[in-house]
Amino acid sequence: MSTRVPVVERVLSANDAVAAEVRAQLDGRGIFCVNLMASPGAGKTSLIERTVEALKGEIAIGMINGDTSAAAFDAERSQRAGAVSVHVNTGGKCHLEAAMVRDALSLLPLDEIRLLLIENVGNLVCPMSWKLGAHVNVLIGSTPEGDDKPYKYPKMYAGVDVVVLNKIDLLPYVGFDCERFLRGVEALNPGLRHFRVSCRTGEGLEEWIAWLKQQIGARR
């Protein structure tokens, strides 16, 4: 057992070095990069579609869509919404790694992009351990998942910069306690910025879009 920990540390250290390369490349071009994480079905792709539609014609958006297979459904949805998208097949890995992002960048027209959205693989366990070079890590929760997720997956909620709670239009039907959810988030990550949205009805998305624009503008 004592020989396994250093191996893991070296792997993560090597990943962090590549993530720093990615960040430098993005900073050099003034691109704001968001790493979107969530459990399957929380609404990552729906939030991406809404975001791309809202910013279409104003801000050029690039996408990196990570998935465990060759099925590029999410990347195709992003493209239909108006983003330039690259699908990354992780070969079964449950997370994206910095080298995958670095390779995907070479396939994107970086000189034309102002916002890069990374759609990480859907799970609430390992993506947080792998830095990608993004400027912010955003965790998307959803009301049907239950209000206990901050308590069950503390590492994810403690490590992100923003939480987006999606599917608030279902609150009357799913018994989700917003106050309990936010107490759990606050205990792990005091003062964390959060948005309450419905990608189905559009409620709350204006605040999310306004925040994105502010972050993008700060890098001009």
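This is a predicted model, so every value here is computed, not measured. In this chain, numbering begins with 1 at the start of the sequence shown.
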Any side-chain heavy atom of His87 sitting closer than 4.5 Å to one from Asp74?
no
Leu47 side chain near Leu205 side chain, heavy-atom distance below 4.5 Å
yes
When you compare the side chain of Ser129 with that of His95, does any pair of heavy atoms fall below 4.5 Å?
no
Can you see which heavy atom on Ala158 is nearest to which on Asn189, and at what distance?
O-ND2, 3.2 Å
Please list, chain by chain and in numerical order, all residues satisfying salt bridge (charged side-chain N to carboxylate O under 4.0 Å, His left out) with Arg102, sequence neighbours excluded.
Glu21
Validation row: Trp130, Leu12 side chains within 4.5 angstrom (heavy atoms):
yes
Would you say that more than 12 heavy atoms from the other residues, nucleotides or ligands in this model lie under 6.0 Å from the CD of Glu76, or not?
yes
Close side-chain approach of Leu116 to Leu105, heavy-atom, < 4.5 Å
yes
Which heavy atom of Arg23 sits nearest a heavy atom of Ala134, and at what distance?
NH2-O, 2.5 Å
What one should report as the nearest heavy-atom pair of Cys94 and Pro127 is O-CG, 4.1 Å
Donor-acceptor pair, Glu207 side chain versus Gly204 backbone, under 3.5 Å?
no
Is the shortest heavy-atom distance from the side chain of Val136 to the side chain of Phe32 under 4.5 Å?
yes
Any chain of hydrophobic side-chain contacts (each under 4.5 Å) joining Leu192 to Leu36?
no
Using the rule that two of Ile, Leu, Val, Met, Phe, Trp, Tyr join whenever any of their side-chain heavy atoms come within less than 4.5 Å, decide whether Leu188 and Met37 are in one cluster.
yes
When rounded to the nearest 0.5 angstrom, what distance separates CG in Leu117 from OG1 in Thr51?
6.5 Å
Minimum heavy-atom separation for Ala42 to Glu145, with atom names?
CB-OE2, 3.4 Å
Any Val34 side-chain heavy atom under 4.5 Å of Gln215 side chain:
no
Could you state the interatomic distance from OH (Tyr153) to CE (Met128), rounded to the nearest 0.5 Å?
14.5 Å
Could you go through the side chain to side chain contact (heavy atoms under 4.5 Å, CB included) check for Val162 and Trp211 one step at a time?
CA-CA 11 Å; Val162 173; Trp211 177 81; 3.7 Å; yes
Arg200 backbone acceptor or donor facing Arg50 side chain under 3.5 Å
yes
Are there over 12 heavy-atom neighbours, none belonging to Glu186, within less than 6.0 Å of that residue's CD?
yes
Arg193: salt bridge (charged side-chain N to carboxylate O under 4.0 Å, His left out) partners, not counting sequence neighbours:
none
Minimum heavy-atom separation for Ser78 to Met63, with atom names?
CB-CG, 3.9 Å
Measure the CZ-CG distance between Phe176 and Leu170 for me, rounded to the nearest 0.5 Å.
11.0 Å
Treating Lys131 as the side-chain partner and Ala98 as the backbone partner, does any N or O pair qualify as donor plus acceptor under 3.5 Å?
no
Are Met100 and Val121 co-members of a hydrophobic cluster defined by side-chain heavy atoms under 4.5 Å apart?
no
Option among Val52, Ile31, Leu55 that satisfies the side-chain contact (heavy atoms from CB on, under 4.5 Å) test with Leu115
Leu55
In chain order, what residues pass the side-chain hydrogen bond (donor to acceptor under 3.5 Å, both in side chains) check against Asn166, with sequence neighbours excluded?
none
Restricting to salt bridge (charged side-chain N to carboxylate O under 4.0 Å, His left out), what partner residues turn up for Arg183, sequence neighbours left out?
none
What distance do Asn65 atom CG and Asn89 atom CG have between them, rounded to the nearest 0.5 Å?
12.0 Å
Sorted by chain and residue number, the salt bridge (charged side-chain N to carboxylate O under 4.0 Å, His left out) partners of Glu119 (sequence neighbours excluded) come out as none
Cluster overlap Leu124 with Val174, hydrophobic side-chain contacts below 4.5 Å:
yes
Pairwise distance CD1(Ile168) to OG1(Thr143) - rounded to 0.5 angstrom
8.5 Å
Whether Tyr157 and Phe181 hold their rings parallel, tilted or perpendicular, with breakpoints at 30° and 60°:
perpendicular
Could you check Arg77 against Ser85 for side chain to side chain contact (heavy atoms under 4.5 Å, CB included), going step by step and ending with a plain yes or no?
CA-CA 9 Å; Arg77 286 175 61 181; Ser85 182; over 6 Å; no
What residues form a side-chain hydrogen bond (donor to acceptor under 3.5 Å, both in side chains) with Thr201, not counting sequence neighbours?
Ser198
Checking His135 against Asp27: is there a side-chain donor and acceptor pair closer than 3.5 Å?
yes
Does NZ in Lys149 sit with more than 12 non-hydrogen atoms of other residues, nucleotides or ligands closer than 6.0 Å?
yes
Side chain of Asp161, backbone of Asn137: donor and acceptor closer than 3.5 Å?
yes
Just by distance, do the side chain of Thr68 and the backbone of Lys93 share a donor-acceptor pair under 3.5 Å?
no
Between Val138 and Val160, is there a side-chain heavy-atom distance shorter than 4.5 Å?
no
Report yes or no: do Leu139 and Val185 belong to one cluster of Ile/Leu/Val/Met/Phe/Trp/Tyr joined by side chain heavy-atom distances under 4.5 Å?
yes
Taking atom SG of Cys178 and atom CG of Leu171, what is their separation to the nearest 0.5 Å?
4.5 Å
Tested for side-chain contact (heavy atoms from CB on, under 4.5 Å) against Leu132, the lone hit among Ile64, Val22, Val101 is Val101
